[in-house]
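This report concerns only the one structure given below.
On a predicted model such as this, the values are computed, not experimentally measured, just so you know.
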Amino acid sequence: MADELSQAALDYHRYPMPGKLEVTPTKNMVNQRDLALAYSPGVAAASLAIAENPACAADYTTRGNLVAVISNGTAVLGLGSIGALASKPVMEGKAVLFKKFAGVNAFDIEVDTLDVDRFVDAVSLLEPTFGGINLEDIKAPECFEVEKRLKAKMKIPVFHDDQHGTAICVAAAIRNGLKVAGKNLDEVKLVCSGAGAAAIACLNLLVQMGLKKGNITVNDRFGIIYKGRVDEMNPYNSAYAIETEARTLDDVMDGVDVFLGLSAPRVLKQDHVKRMAPNPLILALANPEPEIRPELVHEVRSDAIMATGRSDYPNQVNNVLCFPFLFRGALDVGATEINEAMKIAVVEAIGDLAMREASDTVVAAYGGKAFSFGREYLIPKPFDPRLMTIIPPRVAKAAMETGVATRPIEDFDAYQRQLETFVFRTGMTMKPVFELAKGNPQRIVFAEGESQRVINAVQILVDDGICKPILLGDPVSIQQNIDNYGLRLKVGENIEVIDPRNNPEYQKHKAAYYELMCRKGITPSYSKRVIATRNTALAAIMVRSSDADAMICGVEGNFISHLRYVRDLIGARAGLVDVAAVTMLILKRGTYFLTDTHVGVNPTAAQIADNTALAAELVSGFGMEPKAALLSHSNFGSRQNEHSEKMRQALQILRDKYPDLLAEGEMHADAALSQEIRDRLFKNSAFTGEANLLVCPSLNAANIAYNMTKMLADGLPVGPMLVGTNYPAHILTESTTVRGIVNMAAFASLDAMNRRR
């Protein structure tokens, strides 16, 4: 698995072009005048304005939204001191997280020196370029000195995420964990395993928040940090040296309220846990293997409250909860530093968010699962969309209150709306779907089980625990394909294979098929042939018979032939004429849904209205408020013909049957995607901003729009997703990639869970 993951990671970084970042212009440059404005002679106006007033740099350049991710490669992830150049993929990755989560532009800069003086000089000289500095993967104790000196020299935020990002998330988890335990921070006894940069920063912040220094004991690989110890001591860990005869972790675990682990695997034992105080809070944050596994803790303490750094256990403590949103708020007010008040503001924001009732948006984004504050939900999920709307305003206010904001925000309501518009333009829409699928893997039957793309996708699905795959096909062919690609799939262990020609449930499935089709001219003998030779039919019957939770087909063969079986055997919900297809397109601009891209050739106004309502339900399932635009060649009555009239009628039906749905039309696509254009034509639109659900008048229009946008805008498609079906069934297309199959398997799992719920 490690070898394959390594190769997949190398391919990911290399193709279709090397690296994870590119520079994209924010302005059009299509004619001579654009060139004259962007460069000489027009650019002189911007330069002169900045020379006269340096604060204008935030108005005329990207500096106000630009962070440098800087490292010398001396403490990279779990790799150690691998050097500046080798750290570049990690720094690029951090830059991508800034952009994806909070819209912050970031450049990675790798500084090839171990000398603190040279490093500080190099970074400080970059101040005119950046609005903030994120230090990353610099070893202790040098990291403390580097940050301290840079903060003194520079008038922009300098933040070492390994220290303070970890500290903020840990402090939020401890704050809320103690609330659950019924304890106060200023009264608890804490033992910390580890004395590196992150550990010391955690302790410093907790002390700032009220933890008594005398209640802290620190243990590292040399044992307890006590006064008089010589080995591995520096001014930063010496601050936590205590008068004690204890020398090992085993000596200090009696009556401990909080164990904070930022050290090494398996250092905390079950005996230590037994000796802790009632309702102990244990943060075992070593990755990938924690100081102790939660299941070992719960074997000996039913009252223990656990957090780890892993995503496969409750209460994951992850820096991504913090740093993108902290910098977002700091940059937006032109902060000159990130101070303690701003850090504590983030701690409180994260902690408060976990205690708030989950909004409809968050519940929908996580597939209907309502999170409730308690032992298994101390801090928010890393992909909670509210992080973007809650943390930056609190950071901005703290910066303003402490006098470090150079561009104070005057209208916080407008700022809040600006943050909200960003939330679902990040391309992270699928992440909660995968998280939920992993939490409750469903049985997904793949009709084209011999397809190499399906088999490659299934390897990913098995590795990530997204579903329980069932492959239909010849077992010999499937095994050959597994062997040819060196995959690790094991028939009967991590995948199930059913040979339609030698199906142990053949009689049951044949009978079920005949019962459904006997009044449509299908004979018993024909039923035998279909169930033995038509994999899509067999998959559909398996779903109907509860032998699978959902089905995926269409990777081979034309869409319409698969659709015929789905219509006959899965069927449309009561009251619907037919099923419909919705395709999600994840673009750099945002996430959009198109309907009907694959099924209805020329739907009636009533069908368009029903399809829009079904698609809106699906959009809501991704945590987005649906805003439906009924597209046409006509703009709000500008053309009078049967095609424009159909969309007007569909809108009226929608308003009569689904009055709460935000829908507008008929309109051009540019009016749907631009409020400015729409306002020029029609002031009374039912929704503000841009539409996220684009409803086309025919299959011809929808399919052309989908394929054109996918190719021209380098979109990532998810789907087509069938809506209006009686059971979870989805038909892909022959052009679907391995990644597309994986995405659809995750969605099919969520679809199955939602229907069961």
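Using a 4.0 Å cut-off between charged side-chain N and carboxylate O, Lys468 and Asp549 make no salt bridge. The pair Asp568-Arg564 does not count as a salt bridge, with every side-chain nitrogen at least 4.0 angstrom from each carboxylate oxygen. Using a cut-off of 4.0 Å between Lys/Arg side-chain N and Asp/Glu carboxylate O, Arg488 and Asp463 are scored as salt-bridged. Taking a cutoff of 4.0 Å between a charged side-chain nitrogen and a carboxylate oxygen, Asp578 and Arg567 qualify as a salt bridge.
For the side chain to side chain contact (heavy atoms under 4.5 Å, CB included) test with Leu614, the passing option among Leu722, Val723, Val619, Asp596 is Val723; the others fail.
Within a 6.0 Å sphere centred on CZ of Arg755, other residues, nucleotides and ligands contribute more than 12 heavy atoms. Within a 6.0 Å radius of NZ in Lys710, other residues, nucleotides and ligands contribute more than 12 heavy atoms. In this structure, Arg739 places its CZ atom where only 12 or fewer heavy-atom neighbours from other residues, nucleotides or ligands lie under 6.0 Å away. The local environment of CD in Glu515 is sparse, with at most 12 non-hydrogen atoms from other residues, nucleotides or ligands closer than 6.0 Å. Heavy atoms of other residues, nucleotides or ligands lying less than 6.0 angstrom from NZ of Lys528 number 12 at most.
Contact of the Ile586 side chain with the Val718 side chain is registered, since non-hydrogen atoms from C-beta on lie closer than 4.5 Å.
Not counting sequence neighbours, the partners of Glu617 by the salt bridge (charged side-chain N to carboxylate O under 4.0 Å, His left out) test are Arg573.
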